K.L.:
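Let me give you the structure first, and then I'll get to my questions.
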Amino acid sequence: MPKHGKKYRDAEAKVENRLYTPKAAMETVKDIHFANFDETVEASVRLGVDTRKADQNVRGSISLPHGTGKSVRVAVFAEGEKAREAEEAGADVVGGDELVAAIQAGNIDFDAAIATPPMMAKVGRIGKILGPRGLMPNPKLGTVTMDVAKMVQELKAGRVEYRADRYGIVHVPMGRVSFSVEDLVENYSALINELLRVKPSSAKGKYVKSVAFSSSMGPGVKVDPTMVRNLLDD
């Protein structure tokens, strides 16, 4: 029994075994996609880091210039004036003790969470619930902040988190197949330059080892990892 269906294998047959420019790779991903929904396009970047070492954990967040095409529901743990600011900025869920209680009861209806520093003692009580889901506010990612309005707006606009997994691979959504090639490439440019910016000083050897683009259901397209500038060139 084949591992993939005929449509996948037909798409895979159209991908050449070579390194594409970012622009050509995005064009290929769009050309070969076959699902009947607006698939997510993902970039997978393999870094030369050892994530078992604390100083080589590559993690952070970045605002993609063209967003991801996904509607993000944002929860904010705040009280008083900061709660009002969060609501005015478009937060979907805002609260203090009552929000903590709702989450403890299993009501988690959001995709990202922000907390003001004074709320973190309460949020810590539900860390075991939020943490495994990737929803725990984190000061390093900017989601523990007094400027809740700004962070709500950034998350709504397409701010995404990135993190190297145990194999050193960073998987980040670049948008949808309905996006233009230019918008997808510009999102990738923002990502690759961010990863270069946060390169651990202790990382040795080749840092960006490989890059591939793929749609949700489609095969990967290999990208030249040395191209980090003028990415819209053919």
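Computed from a predicted structure; not experimentally measured. Computed from heavy atoms alone, side chains included, the values below leave out hydrogens, waters and symmetry copies.
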K.L.:
Is there a side-chain contact between Met151 and Arg159, using heavy atoms and a 4.5 Å cut-off?
P.N.:
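Yes, close enough: below the 4.5 Å cut-off.
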
K.L.:
Could you tell me whether the side chain of Ile32 reaches within less than 4.5 Å of the side chain of Pro219, counting heavy atoms only?
P.N.:
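Counting from C-beta outward, Pro219 and Ile32 do come under 4.5 Å.
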
K.L.:
Donor-acceptor check, side chain of Asp92 to backbone of Ala75, threshold 3.5 angstrom: yes or no?
P.N.:
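Not a single qualifying donor-acceptor pair exists.
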
K.L.:
Please identify which of these residues, Val49, Asp55, Asp50, Leu47, meets the side chain to side chain contact (heavy atoms under 4.5 Å, CB included) condition with Pro200.
P.N.:
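One option only clears the test, and that one is Val49.
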
K.L.:
Applying side chain to side chain contact (heavy atoms under 4.5 Å, CB included), run through Leu99 and Lys122 and close with a yes or a no.
P.N.:
CA-CA 10 Å; Leu99 179 54; Lys122 296 177 180 179; over 6 Å; no

K.L.:
Sequence neighbours excluded and cut-off under 3.5 Å, please list the side-chain donor-acceptor pairs for residues 125-140, or say none.
P.N.:
| unit_1 | atom_1 | unit_2 | atom_2 | d |
| --- | --- | --- | --- | --- |
| Arg133 | NH1 | Ile129 | O | 2.8 |
| Asn138 | OD1 | Lys140 | N | 2.7 |

K.L.:
Salt bridge check, Arg84 against Glu87: does any charged N sit closer than 4.0 Å to a carboxylate O?
P.N.:
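The answer is no: the pair does not qualify as a salt bridge.
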
K.L.:
Please round to the nearest 0.5 Å and tell me the distance separating atom CZ of Phe37 and atom OG of Ser215.
P.N.:
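Interatomic distance, Phe37 CZ to Ser215 OG, rounded to 0.5 Å: 8.0 Å.
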
K.L.:
Hydrophobic clusters here meaning ILVMFWY residues chained together by side-chain heavy-atom distances under 4.5 Å, can you tell me if Leu184 and Val211 are in one?
P.N.:
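Linked, Leu184 and Val211 end up in one cluster.
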
K.L.:
When you look at Val74 and Val93, which way does the side chain to side chain contact (heavy atoms under 4.5 Å, CB included) test go after all the steps?
P.N.:
CA-CA 6 Å; Val74 179; Val93 186; over 6 Å; no

K.L.:
Examine distances only and state if a side-chain atom of Asp224 and a backbone atom of Tyr20 form a donor-acceptor pair shorter than 3.5 Å.
P.N.:
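A pair under 3.5 Å: no.
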
K.L.:
Which distance, rounded to the nearest 0.5 Å, do you find between the CE of Met174 and the NE2 of His66?
P.N.:
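Taking CE in Met174 and NE2 in His66, the distance rounds to 11.5 Å.
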
K.L.:
Rounded at 0.5 Å granularity, tell me how far OG1 in Thr40 sits from CZ in Arg176.
P.N.:
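Thr40 OG1 to Arg176 CZ: 4.0 Å, rounded to 0.5 Å.
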
K.L.:
Could you check whether any side-chain heavy atom of Val172 comes within less than 4.5 Å of a side-chain heavy atom of Glu42, counting everything from C-beta outward?
P.N.:
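Heavy-atom side-chain distance check fails, nothing below 4.5 Å.
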
K.L.:
Sequence neighbours excluded and cut-off under 3.5 Å, please list the side-chain donor-acceptor pairs for residues 100-113, or say none.
P.N.:
| unit_1 | atom_1 | unit_2 | atom_2 | d |
| --- | --- | --- | --- | --- |
| Asp109 | OD2 | Arg73 | NH2 | 3.3 |
| Asp111 | OD2 | Arg73 | N | 2.8 |

K.L.:
Honestly curious: do Val58 and Leu191 fall in one hydrophobic cluster under the side-chain, below-4.5 Å linking rule?
P.N.:
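The answer is yes; both residues are in one hydrophobic cluster.
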
K.L.:
Closest heavy-atom contact between Lys209 and Pro225?
P.N.:
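Looks like O-CG, 3.9 Å.
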
K.L.:
Measure from the side-chain N and O atoms of Thr21 to the backbone N and O of Ala24, and report whether any donor-acceptor pair falls under 3.5 Å.
P.N.:
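Looks like yes, one N/O pair under 3.5 Å.
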
K.L.:
Taking atom types as modelled and ignoring hydrogens, do the side chains of Glu39 and Ser216 form a donor-acceptor contact shorter than 3.5 angstrom?
P.N.:
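No.
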
K.L.:
Given Val152 and Ile114, is the side chain to side chain contact (heavy atoms under 4.5 Å, CB included) satisfied, shown in steps?
P.N.:
CA-CA 8 Å; Val152 168; Ile114 302 166; 3.7 Å; yes

K.L.:
Would you say that Thr68 contacts Lys70 through its side chain, given a criterion of any heavy-atom pair below 4.5 Å between the two side chains?
P.N.:
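The answer is yes; the side chains approach within 4.5 Å.
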
K.L.:
Could you verify whether a donor N or O on one side chain and an acceptor N or O on the other, from Thr51 and Arg166, lie under 3.5 Å apart?
P.N.:
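Checked: Thr51/Arg166 side chains show no N/O donor-acceptor pair below 3.5 Å.
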
K.L.:
According to the ring-ring contact (aromatic ring centres under 6.0 Å, His included) rule, which pairs have a member within residues 169-223, sequence neighbours left out?
P.N.:
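Matches after skipping sequence neighbours: Tyr188-Phe213.
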
K.L.:
Given a cutoff of under 4.5 Å between side-chain heavy atoms of I, L, V, M, F, W and Y, with clusters grown through shared members, what are the other residues clustered with Ile169?
P.N.:
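Same cluster as Ile169: Tyr167.
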
K.L.:
Hey, does the side chain of Ser61 reach the backbone of Leu141 with a donor-acceptor pair shorter than 3.5 angstrom?
P.N.:
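Present.
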
K.L.:
Starting at CD of Gln153, measure out to CG of Asp147 and round the result to the nearest 0.5 Å.
P.N.:
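Going from the CD atom of Gln153 to the CG atom of Asp147 covers 8.5 Å.
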
K.L.:
Under the rule for ring pair (Phe, Tyr, Trp, His ring centres under 6.0 Å), what residues qualify as partners of Tyr8, not counting sequence neighbours?
P.N.:
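By the ring pair (Phe, Tyr, Trp, His ring centres under 6.0 Å) rule, Tyr8 matches His4.
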
K.L.:
What verdict does the side chain to side chain contact (heavy atoms under 4.5 Å, CB included) test give for Thr116 and Thr145, after you've listed the backbone C-alpha separation in whole Å, the side-chain angles of each residue and the deciding distance to 0.1 Å?
P.N.:
CA-CA 5 Å; Thr116 59; Thr145 177; over 6 Å; no

K.L.:
Hey, can you pull the donor-acceptor pairs under 3.5 Å for the side chains in residues 11-19, sequence neighbours left out?
P.N.:
| unit_1 | atom_1 | unit_2 | atom_2 | d |
| --- | --- | --- | --- | --- |
| Glu16 | OE1 | Arg18 | NE | 2.6 |
| Asn17 | OD1 | Lys222 | NZ | 3.2 |

K.L.:
Report yes or no: does Lys30 contribute a side-chain atom to a donor-acceptor pair with the main-chain N or O of Val181 at less than 3.5 Å?
P.N.:
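Flag not set: sc Lys30 to bb Val181 has no pair under 3.5 Å.
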
K.L.:
With distance as the sole test, does Ser189 use its side chain to make a donor-acceptor pair with the main-chain N or O of Val185 at under 3.5 Å?
P.N.:
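Not confirmed, Ser189 side chain does not pair with Val185 backbone.
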
K.L.:
Of all heavy-atom pairs between Ser63 and Glu154, which one has the smallest distance, and what is that distance?
P.N.:
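What the structure gives for the nearest pair is OG-OE1, 3.8 Å.
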
K.L.:
Got a salt bridge between Glu194 and Arg197, using NZ or NE/NH1/NH2 to carboxylate O under 4.0 Å?
P.N.:
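Between Arg197 and Glu194 there is a salt bridge, with a charged N closer than 4.0 Å to a carboxylate O.
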
K.L.:
Counting only heavy atoms not in Met217, do more than 12 sit closer than 6.0 Å to its CE atom?
P.N.:
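Not more than 12 within 6.0 Å, no.
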
K.L.:
Is there a side-chain contact between Pro65 and Asn187, using heavy atoms and a 4.5 Å cut-off?
P.N.:
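The answer is yes; the side chains approach within 4.5 Å.
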
